[in-house]
Amino acid sequence: MRLTILGGGGFRVPLVHQALLSDRGEGRITELVLHDLDAGRLAAIGHVLTQQEQGVADPPLIATTTDLDEALTGADFVFSAIRVGGLPGRMIDEKVALDEGVLGQETVGAGGVAYGLRTVPVALRIAQRIAALAPQAWVINFTNPAGIVTEAMSRHLGDRVIGICDSPVGLGRRVAHALGLDPARAWFDYAGLNHLGWLRGIHVDGQNHLPRLLADTDALTSFEEGKMFGADWLRTIGAIPNEYLQYYYFTREAVAVARNADKTRGAVLAGQQDRFYDAVRRDPGSALSIWESARLERETTYGAESRAMAGIGSRDESDLESGGYEKVALALMRAIAHDERTTLILNVRNRSTLNILDADAVVEVPCVVDSAGARPVVIDQLPEHARGLVCGVKAVDRAVIEAAVGGSRATALKALALHPLVDSVNVARRLLDGYQSQIPDLAYLRA
């Protein structure tokens, strides 16, 4: 089978390659095509993969290209992990928002809206090319904002585009470990939107163990989300929120920490990645070891602002392991390609899963996956405190997509002004002016 990775020069591509190398089953990926607009980044990641596959029998054949049509033709699976505007764009998203006293995080608040506005037009063009050149392909989307981008692409690809995120998987794993349970045996009752979801239960052998966790303060505060939100608040809402809910529950503190930080997260990552790609260019023979060091630095600094806000120091070793989006992607591909029925938390069209949203709204919920694709399972409805937030953010998602499709500046303003983390229409106007003045990719928005 042939897998194409869009954003193939990206820093996390070696993680996907690692997962492919560990897959020795029949019908595995035998061809890996990396597509990127930056030939230099493609070359650097190519060095890492070449060294990573040393000693592995019969690894996937690797090809690189800057031509999108060439990359898509013949693909069985397409993994989309692009970043429109690169990290410089993310830095602008953050700074413009923080200058107005609101959050500029890349998927939450004003920054997420700006990122979506410049990403959706590109994602739509990619979806159209996939539909034309590889209509049989399944598309796995990791491009952020993942919920918005997946919903936009579904307009051309239907249920053949599936969004993935490692946050729910990582949360479930940490909660299971806190309870002394095996994550592989647990059923996680999780629901919401991408970066806006809640773990409402963890079931093993028909028993929900979440009440036991909520009653045990030591266990509840033994993992990162428990420390971030605090035992009292988690007991109040009766659930464990996705880490990104911290921006909604502690907005003032989040803005204060971000504004007082020496560098935004985008600036930190830009420095790390510039050092990585430059080091590989100068010493390609050490590409793998350079990448491994850079990855550890990236994981160690992840969520630094959130930990500072909660008064948490450095990350515990148990928290360093991510949700493993590359493992989720591999499990998803195997389930579809080989009809290996499994259950995964994914971003898919709602159908009738959450009754507060329409059938085409992309939600993040447990899904049964097999050769027919991913289908959301029947779950309990969201509690009242979560419904309004989900509906409000979904309205913003929809406005972002409509602005991108129609090129409407008025609709883009609507998306910013309606976001729960933007506190004034006048602020929204200044945000949009600021973004358009600095981001060429937003020139398509007309009055």
Side-chain angles (χ1 to χ4, degrees), residues 4-8 10 12 16 35-37 68 72 77-87 89-90 93 105-131 137-168 192-197 242 244 325 328-329 332 345-350 357 360-365 367 373-374 390 393-407 411-412 415-416 419 439 441-442 444-445:
T4 293
I5 300 181
L6 306 180
R12 295 211 278 183
V16 179
H35 170 269
D36 205 288
L37 301 179
L68 178 62
L72 294 177
F77 290 93
V78 176
F79 191 100
S80 178
I82 63 174
R83 179 176 285 281
V84 179
L87 287 173
R90 177 174 178 174
D93 294 344
Q105 204 278 337
E106 70 162 340
T107 62
V108 176
V113 172
Y115 190 18
L117 287 170
R118 69 172 181 271
T119 302
V120 168
V122 177
L124 288 171
R125 290 195 293 272
I126 289 172
Q128 290 172 324
R129 296 312 295 157
I130 293 170
W138 289 90
V139 179
I140 301 172
N141 178 61
F142 193 69
T143 296
N144 276 324
I148 297 176
V149 172
T150 302
E151 185 164 330
M153 296 183 81
S154 72
R155 296 189 172 198
H156 297 285
L157 299 172
D159 291 329
R160 296 191 80 85
V161 58
I162 301 167
I164 64 172
C165 181
D166 50 359
S167 288
L193 307 178
N194 181 241
H195 291 180
L196 189 74
N242 183 293
Y244 289 85
Y325 83 97
V328 178
L332 177 58
I345 297 172
L346 300 167
N347 286 268
V348 297
R349 292 200 286 189
N350 180 51
L357 299 174
D360 291 331
V362 165
V363 295
E364 190 168 83
V365 293
C367 298
V390 165
V393 172
K394 178 53 68 176
V396 172
D397 292 354
R398 289 278 172 79
V400 169
I401 295 171
E402 292 308 316
V405 170
T411 308
L416 283 164
H419 199 286
I439 300 175
D441 292 305
L442 296 184
Y444 74 92
L445 293 171

* Asked: In Å and rounded to the nearest 0.5 Å, what is the CG to SG distance from Asn242 to Cys165?
  -> 6.5 Å
* **Distance (rounded to the nearest 0.5 Å) between Arg129 CZ and Leu68 CG** => 7.5 Å
* Asked: Do side-chain atoms of Arg90 reach the backbone of Glu106 as a donor and acceptor pair under 3.5 angstrom?
  -> no
* To do: Flag the pair Ile140 / Val328 as yes when at least one side-chain heavy-atom distance between them is below 4.5 Å, and no otherwise.
  => no
* Asked: Ignoring hydrogens and geometry, is there a side-chain-to-backbone donor-acceptor pair from Lys394 to Val362 under 3.5 Å?
  -> yes
* Any side-chain heavy atom of Leu196 sitting closer than 4.5 Å to one from Val108? -> no
* Can you find a pair of side-chain heavy atoms, one from Leu157 and one from Ile130, that are under 4.5 Å apart? -> yes
* Asked: Are any side-chain N or O atoms of Asp441 and backbone N or O atoms of Arg118, one a donor and one an acceptor, separated by less than 3.5 Å?
  -> no
* **Qualifying residue, where the test is side chain to side chain contact (heavy atoms under 4.5 Å, CB included) with Phe79 and the options are Asn141, Val139, Leu332, Ile5** => Ile5
* Using modelled atom types only, decide if a donor and an acceptor are shared between the side chain of Arg160 and the backbone of Ala137 within a distance under 3.5 Å. => yes
* Any idea how Tyr244 and His195 line up, ring-wise: parallel (<30°), tilted (30 to 60°), or perpendicular (>60°)? -> parallel
* Asked: Between Thr143 (side chain) and Ser80 (backbone), is there a donor-acceptor pair under 3.5 Å?
  -> yes
* Structure fact -> Between the CG atom in Asn144 and the CD atom in Gln105, the distance rounded to the nearest 0.5 Å is 8.5 Å
* **Glu402/Arg155 under salt bridge (Lys or Arg N to Asp or Glu O under 4.0 Å): CA gap, chis, key distance, verdict** => CA-CA 12 Å; Glu402 292 308 316; Arg155 296 189 172 198; 2.5 Å; yes
* **Steps toward side-chain contact (heavy atoms from CB on, under 4.5 Å) verdict (Val396, Leu416)** => CA-CA 7 Å; Val396 172; Leu416 283 164; over 6 Å; no
* Structure fact -> Between the CG atom in Asp397 and the CD1 atom in Ile148, the distance rounded to the nearest 0.5 Å is 4.0 Å
* To do: Indicate the atoms forming the closest heavy-atom contact of Cys367 with Val348, along with that distance.
  => SG-CG2, 3.5 Å
* Asked: Within a strict 4.5 Å, meaning less than it, do heavy atoms of the Asn194 and Thr107 side chains meet?
  -> no
* Structure fact -> Residues Pro168 and Glu364: closest non-hydrogen pair is CG-OE1, 3.2 Å
* Asked: Does any non-hydrogen side-chain atom of Asn347 lie less than 4.5 Å from one of Glu151?
  -> no
* Asked: Would you say Ile345 and Val365 make side-chain contact, with heavy atoms under 4.5 Å?
  -> no
* Between OG1 of Thr150 and CG of Leu193, what distance do you get to the nearest 0.5 Å? -> 11.5 Å
* Asked: About how many Å separate OH of Tyr115 and CG of Asp93, when rounded to the nearest 0.5 Å?
  -> 8.5 Å
* **Considering all heavy atoms, the nearest Val400-Ala415 contact** => CG2-CB, 3.8 Å
* Taking all atoms of both residues into account, what is the closest heavy-atom pair of Ala412 and Ala403, and its distance? -> N-CB, 3.6 Å
* Structure fact -> Between His156 and Ala131, the two heavy atoms sitting closest are O-CB, 4.3 Å
* Sub-4.5 Å side-chain heavy-atom contact between Leu72 and Leu6 -> yes
* Taking C-beta and beyond as the side chain, do Phe77 and Thr4 meet within less than 4.5 Å on heavy atoms? -> no
* **Exercise: identify the closest heavy-atom pair between Val120 and Ala404** => CG1-CB, 3.4 Å
* Is the closest basic N to carboxylate O distance between Asp166 and Arg12 below 4.0 Å? -> yes
